[in-house]
Amino acid sequence: MRLAVDTGGTFTDLVIGDESDLHLFKAPTVPADPSQGVFDVIGVAAEAFEMTLADLLAATTQIVHGTTIGLNAIVTGSVARTALLVTEGHRDILTLREGGRLDPFDHATEYPSPYVPRRLTFEVPERITADGEIYRSLDTGLLENVLDQIERADVEAVAVSLLWSIVNNRHERQVGDALRRRFPTLPISLSHEVNPILREYRRTSSTCIDASLKPVVSTYLDRLESRLRGCGFAGRLLIVTSQGGVRDAADAQDHPIHTLGSGPAMAPIAGRAVLAETGHTAGIVIDTGGTTFDVSVIRDGAIPRRSDAWIGATFTGHMTGFPSIDVSSIGAGGGSIAWVDEGGLLRVGPRSAGSTPGPASFGRGGLDATVTDAAVVTGLLDPTRFLGGTMTLDADAAMAAFGRVGDQLGLDPLSTATAIIALATEAMIHAVEDITVARGLDPRSAVLIAGGGAAGINAVEIARRLGCRAAILPRGGAALSAAGGLASDLVFETTKVFSGRSDSIDSTTLVELLRQLDDDAMALAGNGHSAGRFERFVEARYITQAWDIDVDIDLSPLTTDGVDHLTARFEDCHRRLFGFVDQGCPILFSSWRSRLTCAAHEQHDTPARIVGPDRGAAPVRTRPAVWPRYGVLDTVVTTPDALGSTPIAGPLLVETAYTTLAAGPDTFICHDHGNVVVTFEEVTG
Amino acid sequence: VNSRDPDVSPIDVALTASRLNAVAAKMSNTLFRTGRSGVLNTARDFSCCIVDSAHNLVMAADSLPIHVMSGPDLISRWIEHHHPVRRRGDAFLHNSPYEGNSHAADHTIVVPVFDDDGRHRFSVLVKAHQADCGNSQPTTYMANAVDVYNEGALIFPAVQVQRDFVDIDDVLRMCMNRLRVPEQWRGDYLAMIGAARIGERALEDLGRDVGWDHFEAAANGWLDYAERLVRSTIARLPDGLGEADTMHDPFPGVPDGIPIRASVTIRGDEIDVDLSDNPDCVPCGLNLTEATARTAALIGVFNSLGPSLPANAGSLRPINVTLRTNCVAGVPTFPHSTSVATTNVADRVTNAVQLAFSSIADGLGMAEHGAPTPGSSAVISGTDPATGEPYINQLFLTITGGAAGPHHDGWLTICHAGNAGMLQRDSVELDESRFPIIVHRQELVADTEGAGRHTGAPIAIVQYGPRRGVLRALYAIDGAVVPAHGTLGGHDGGRAAHQVLRRNGERETPTATDGVELHPGDTLITVTGGGGGYGDPTQRDRDAVRTAVDEGLISPHRARTVYGLETEQP
């Protein structure tokens, strides 16, 4: 059997796939030692299977792990003490950043400190130009002085990021060699190896993050793996990467920046598997937990990437600069708190009640009215069936909390709770629109795939407003991320910066370059992975633009049609994203990439039956629930298994183990491939 | 405007505000990703907003304050004045500084939005700084222009550029025949029209979805909400009268500098700002426009009110700004030039207003921001000999300048008061790949912060020059003579400076406005003005002083002598 473990902020989720079933388990995350949470949840599973931990691990061929170890180390400031070497004259790259601010009149937010402090940033006498020429040779004598200073600074890792190393890496390699000679055991990251992208702040930021994570990620993965081995695990330990694939744990240690987006990358992978199985070509994947709402998009099996993701707040956090699956996140979820501001405007979030004290209805001392409380008040959630009936919510406490909010507005609790759900829906729609606009995806061509514990409250309404073809609650939706782990492939990517214009570039050179990148990717993959699938991409823009777009290209048409193939592919992408092309304007191609995808396991279909911790299925029944534009309606409450493949008309509440899907009037609900599917037009025949 | 619809609940207002914000954000995202000039696609020097049929600014998400607080309202009025009959499919190009625009280099596209019965309900505006606007010199900030003729920008007073969604080529040809690097302008024009049309479509969908009357009523409710919020904020401030003076550096045409005075009165839940006691219009490009004079004052007010207040017609109701006609910081008269109306004197007005607030009580207002616009934000132009292609664009390398406030240090990269740090900085590598230049250094300078209980941003030195061909750099550097003043015991910020280092080692100091011509091997060394400090430096948090010493931003000597830090005995 195969295991996928996703370490989240509150819970560590485990999904086990065997021949016929998907089993879901949850155990509390142990922040002080996340590997303990992994063992705990596997222990829970072993108990349910009436096996010993050793027997279960011995029967396991593969463990796919999504970890937040790197992210947490950054957030809590427990990364390695890291030195940074930059080109002379540019010591303040990390301090000056790329500018930008969210609120022009917010003079309370302090200007952010650099990721590596100024006192640990050292200047290297050298300069290379945009075309790769050496403008000033590296002064090796002065470099030794810099190394002396580093020695005195007593650092645990070193990052090197010189201007234009992406075009000519000679100086960066020389500095790297000198560092290794002087400090043989110190982890070192070179920018042209970690993240060969244009724009020095981003590349420098990635390189520093990578170097600073090396000790902590290595320690964690080494410890986890040796403990697993010690308990009899003889299979393969794979780590989910922010690029949406998996890598062997040992590879992940070499460039730990790959593990940064490990957790959030899993939901879109699961979404992609759902799309493939249901035959849709475009999807919007949402993952709604207690505090955050994550959204990503998929088109034709591809998940777009971005390299401007932030750790922490936009502009005041640290930009990773590292290409990773584009997952946007906003502070909205089941725990988002309702409040009334000074001008009398009803607001929701971004503050969240979290799990302690939690929403008012949790009865743990929380008094704040949250989205989850609103779902209880409006009848969308059955307080006796929360978390598969393992937890009972206090409906009176939820009502009282909304009474307090409503009093400030002169509104009754029910109207206030209804409004809070509508406002949360608006915030989520805005987040979805942001990413679909940026990605040129028309929501009307897509299905919405809803995952996460709080997904069911708003998903159908979001899909209706955006005009999506359907909303799909996949089986295992409440643990969508962990389910994504089982659907992951091994991904190996190689990149080369090589600039050329469409009116002068030579396609023979490019074919050679791409073949070389393919070979490099195969070398990365190592033995036994030659049977993979290659995809190739180029980043390109019109010469006068500043932002590249990612264009997928093919090798054989490039060989036959030459540069015309690249131009045609670029124009297709540009039109889709921005609605126009500029015929005749030369295109600048700048960064070439080859991606080798190899199956991480033989069987790709996820089992159709889901096994949760259900304390016995609830009977089909009715209860009053509030629906937008309709008010209170007596609503049937059912389960996925009670639904057939013939759509029935809403309103309907579909209860699953960890979430309840609310489908209002004017919707049609059916059960298909184990998923619950909601459409907005009656399908006949 | 004030018609109250009893059916509009606070919830409708909240939902409508959220959806209007999404519309404005969608327009901005589109423009950022499709703009051609670096001014748009890197620096984000543009604003997208929505005004209602009564010309009230309703929503301006992610916008630069100097572009939008006042201006869109005036422009909307002038469009209606010149085109009383408009219909769906129309689009207008407007940049007249005498009719509500900020300055000639900000092209504004206005698209009126109609309901299905053809009734005008809202307008969307896209205002974007252009890489070139046809001035007689290759810069969009021509400080030495003696008048509008000498300035030479192409002026479009509410000129129709689209009918039935189709371009009116006659107008576009004027630009294509007269602007530098016209293809770049055309690309930006396409991007602006695209963003406006996206906003139009989104508003139409919204109106149809919720009903137009309801939509308008809810939008009015949003303005009323903003007004309540600002009134309650002002009511908490102490009543009082404050006055402050500052000065723009001497420039050609103004050999004695331009003294700027603001007086601020806080009374109950209202604020009056009086700018009328300022000099008449001057014979150079520094005069403000009506939009930027009022907005500069409003920025000073909002900097003193605190975060999270929406900037729209409602929130501006309790704030009255008095302007005088034919005044350098008021309403300009033809043919005075207003080429630099968004930055230099505008910043001094904002600064005078926030200094005046601080003079009312400690805890209010701010010190002065560092002055724009150093050579690190020059408009550069030339022809790349490697390709034979001409280029022109504004650089956005490092500009520091943030002023200290009562509870915070200056924002390091505020850039200037009018954009409040919202602009993005250029990447050295991107600039070097687009233009034949090389940037040798960008670094902060120790011991140059505006000392205080809270400190103003230090200065930065930026040095660059051409790699190939001749480079022309034009800018208008203020703050080299008059620094950013500190307040309530805070020290002044570091002075701006600039110098040319020739290939042969000779150094020259150019004038503040005439720009420089550089050959390969020559470099421009420019120093950005620092921000002023707030309060007595000896009251500064001790740990903050020690950290600055560790980070090499303050010398131990300065820590001791200015901040009174006791040195630890070994």
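Convention: sequence-line order gives letters A, B, ...; per-chain numbering from 1.
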Please evaluate residues A/H107 and B/F302 with respect to the criterion ring-ring contact (aromatic ring centres under 6.0 Å, His included), reporting the C-alpha separation (whole Å), side-chain torsions for both, the decisive distance (0.1 Å), and the verdict.
CA-CA 10 Å; A/H107 296 294; B/F302 270 67; over 10 Å; no

Side chain / backbone / both / neither for [X] at chain A, heavy atoms under 4.5 Å:
X      : answer
B/R36  : both
B/I11  : side chain
B/I414 : side chain
B/V439 : both
B/H407 : backbone
B/I461 : neither
B/D550 : both

Between [X] and chain B, with a heavy-atom cut-off of 4.5 Å, which part of the residue counts as in contact: side chain, backbone, both or neither?
X      : value
A/S504 : neither
A/R202 : neither
A/R501 : side chain
A/T95  : both

Minimum heavy-atom separation for [X] and [Y], please, with both atom names.
X      : Y      : answer
A/R118 : B/L444 : NH2-O, 3.6 Å
B/Q424 : A/G99  : NE2-O, 3.9 Å
A/R199 : B/E429 : N-OE1, 3.0 Å
A/P114 : B/E551 : CG-OE2, 4.4 Å

Student check: side-chain heavy atoms of [X] and [Y] closer than 4.5 Å:
X      : Y      : result
A/F105 : B/L309 : no
B/D209 : A/R465 : yes
A/L102 : B/M422 : no
A/L345 : B/L229 : no
A/D92  : B/Q442 : no
A/W164 : B/S433 : yes
A/D434 : B/K26  : no
A/R127 : B/I438 : yes

Evaluation steps, side chain to side chain donor-acceptor pair (under 3.5 Å), between B/S427 and A/E200
CA-CA 7 Å; B/S427 144; A/E200 65 281 2; 2.9 Å; yes

When rounded to the nearest 0.5 angstrom, what distance separates [atom1] in [X] from [atom2] in [Y]?
X      : Y      : atom1 : atom2 : result
A/I435 : B/N29  : CD1   : CG    : 11.5 Å
A/L96  : B/L397 : CG    : CG    : 10.5 Å
B/Y225 : A/E342 : OH    : CD    : 9.0 Å
B/Q184 : A/I543 : CD    : CD1   : 10.0 Å
B/T413 : A/E98  : OG1   : CD    : 11.0 Å

Any residue meeting side-chain hydrogen bond (donor to acceptor under 3.5 Å, both in side chains) with B/R44, in chain and number order, not counting sequence neighbours:
none

Quick one: which of B/R231, B/E432, B/E227 has the most heavy-atom pairs under 4.5 Å with chain A, could you say?
B/E432

For a side-chain contact (heavy atoms from CB on, under 4.5 Å) check, start with the C-alpha distance between B/R467 and A/Y135, then their side-chain angles and the critical distance, and finish with the verdict.
CA-CA 10 Å; B/R467 275 276 287 148; A/Y135 183 86; 3.8 Å; yes

Between [X] (side chain only) and [Y] (backbone N and O only), is there a donor and an acceptor less than 3.5 Å apart?
X      : Y      : result
A/R101 : B/A420 : yes
A/H90  : B/E443 : no
A/D103 : B/S308 : yes

